[in-house]
Amino acid sequence: MDHMIVMHDLRKSYKGKVAVDGVNIHVKEGEIYGFVGPNGAGKSTVMKMLLNLTRPDSGDITIWGKKMEEESSECLKRIGSIIESPYFYEKITGRQNLELHCEYMGFHNKERIDEVLQLVDLRDIEGKTVSHYSMGMKQRLAIARAILARPELLVLDEPINALDPEGIREMRTLFKRINQECGTTILISSHILSEVEQIADTIGIIQNGRLLQETAMSEIHKYQKDFIELEVEEASRAGCLLEEKLGIRDFKMITEDVIEIYDSAASVNEIATVLVREQVMFLGIGRKQKSLEDYFFHVITEDE
Ligand code: ADP
């Protein structure tokens with residue numbers, strides 16, 4: 001499959017300290033790609049290299065089949081981004097800020113300002129000066145500015161950092177709208193896994209400058225399927241009973257007293273009944289689902 005963005009073996013060090021260590025990333029046209037990793041993992045550095053704000057020591061980036069290094073101005077025209085905390089003129093309104101940005105970009109289209117203000121839901125308060133905006137409103141204005149020139153790709157570095165839960169929810173809805181209604185491909189970084197989980201089509205997991213995994217969300221959902229967690233005094237004996245009495249074989253001993261049962265036909269009631277009958281003490285039993293955090297730690301521990 002042809003990818004819209006291909007980053008190949010990207011490397012970058014700052015004063016001898018490795019920040020990005022041989023990263024390969026593949027983003028498909030039209031998707032939301034979640035770039036996930038703890039603070040300091042190298043996400044911003046990768047995004048800055050993608051936007052030609054900093055140069056890789058080695059490796060290359062291809063967007064729309066063009067080498068970023070050779071045709072950066074052509075590529076950058078087609079990209080909108082929010083990389084660091086967005087700066088606005090506080091004493092003028094959101095609309096005036098967007099008008100100034102249009103002037104600066106040489107992009108003159110008043111109707112498009114109306115459109116983006118509508119899209120990010122700032123029409124009602126467009127008369128307010130930015131100094132009276134909440135953090136969430138400023139973030140929406142930043143997104144309005146980033147999509148003004150109808151970019152085909154939107155690069156967002158930690159856009160939900162510092163927002164309250166309501167603001168985060170609004171952002172999530174907004175990103176999905178931009179992706180679906182405008183067909184914009186979105187590359188979004190975050191350390192808040194559960195947020196990316198809800199919107200991304202593909203996830204790239206980065207740690208210590210290395211991309212540990214690049215996976216379709218649909219694959220992760222397979223990992224996230226329901227299971228039964230059983231907490232017992234003697235996991236080994238309980239395991240034998242599961243096999244012998246209930247024919248359950250798809251389970252894993254997690255610790256000496258915890259078993260995870262993945263067999264979708266297994267019933268909590270039946271298991272509990274057998275354990276009681278066989279006098280195996282159990283402390284808890286219930287259905288659970290793996291979160292993206294679990295998946296993330298699973299990937300990280302496999303790598304160690
Ligand atoms: P993330 O975005 O995942 O939090 P960054 O890409 O910002 O990670 O940082 C990766 C590593 O590179 C960190 O150790 C950070 O301290 C270092 N780093 C980033 N930018 C610079 C810089 N301009 N000068 C020196 N070190 C930097």
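All ligand and atom numbering here is 1-based and tracks the order in the structure. These numbers come from a predicted model, not from an experiment.
Ligand-side atoms of ligand 1 in range of N39: 4 (O), range being under 4.0 angstrom from any heavy atom. Distances below 4.0 Å separate heavy atoms of A41 from the following atoms of ligand 1: 1 (P), 3 (O), 8 (O). Close contacts of ligand 1 with A19, meaning ligand atoms under 4.0 Å from a residue heavy atom, involve 11 (C), 12 (O). Taking a cut-off of under 4.0 Å to the non-hydrogen atoms of K43, the atoms of ligand 1 that pass are 1 (P), 2 (O), 3 (O), 4 (O), 6 (O), 8 (O). When each atom of ligand 1 is checked for a heavy atom of K17 under 4.0 Å away, the hits are 14 (O). Using a 4.0 Å cut-off to heavy atoms of P38, the atoms of ligand 1 that qualify are 3 (O). Near S44, meaning under 4.0 Å from any of its heavy atoms, are these atoms of ligand 1: 1 (P), 2 (O), 6 (O), 7 (O).
Remark: minimum distance from atom 8 (O) of ligand 1 to any protein heavy atom is reached at G42 N, 3.1 Å. The protein heavy atom nearest to atom 24 (N) of ligand 1 is Y14 CD2, 3.5 Å. If you check which protein heavy atom lies closest to atom 4 (O) of ligand 1, you get G40 N, 2.7 Å. The protein heavy atom nearest to atom 9 (O) of ligand 1 is T45 OG1, 3.9 Å.
Of all the heavy atoms of K15, none lies under 4.0 Å from any atom of ligand 1, so neither backbone nor side chain is involved.
Relative to the six-membered ring of Y89, K91 misses at least one condition, a distance below 6.0 Å or an angle of at most 45° to the axis.
Using modelled atom types and a 3.5 Å distance limit, the side chains of T93 and Q96 yield a donor-acceptor pair.
Distance check on atom 22 (C) of ligand 1: some protein heavy atom falls below the 4.0 Å cut-off. Within the 4.0 Å cut-off (strictly below), no protein heavy atom is located near atom 16 (O) of ligand 1.
Under the side chain to side chain contact (heavy atoms under 4.5 Å, CB included) test applied with I248, the options L242, V274, L241, I228 reduce to a single match, L242. Considering D157, N39, T54 in turn, D157 is the only one that fulfils the side chain to side chain donor-acceptor pair (under 3.5 Å) rule with S44.
Side-chain atoms of T255 come within 3.5 Å of backbone N or O of V258 as a donor-acceptor pair.
Both L275 and L246 sit in one connected hydrophobic cluster of ILVMFWY residues. Membership requires side-chain heavy atoms under 4.5 Å apart, directly or through other members. I168 and M135 fall within a single hydrophobic cluster, where Ile, Leu, Val, Met, Phe, Trp and Tyr side chains are chained together by heavy-atom contacts under 4.5 Å.
Considering only heavy atoms from C-beta on, S13 comes within 4.5 Å of D57 through its side chain.
The shortest heavy-atom contact between G94 and V130 is N-CG2, 3.9 Å.
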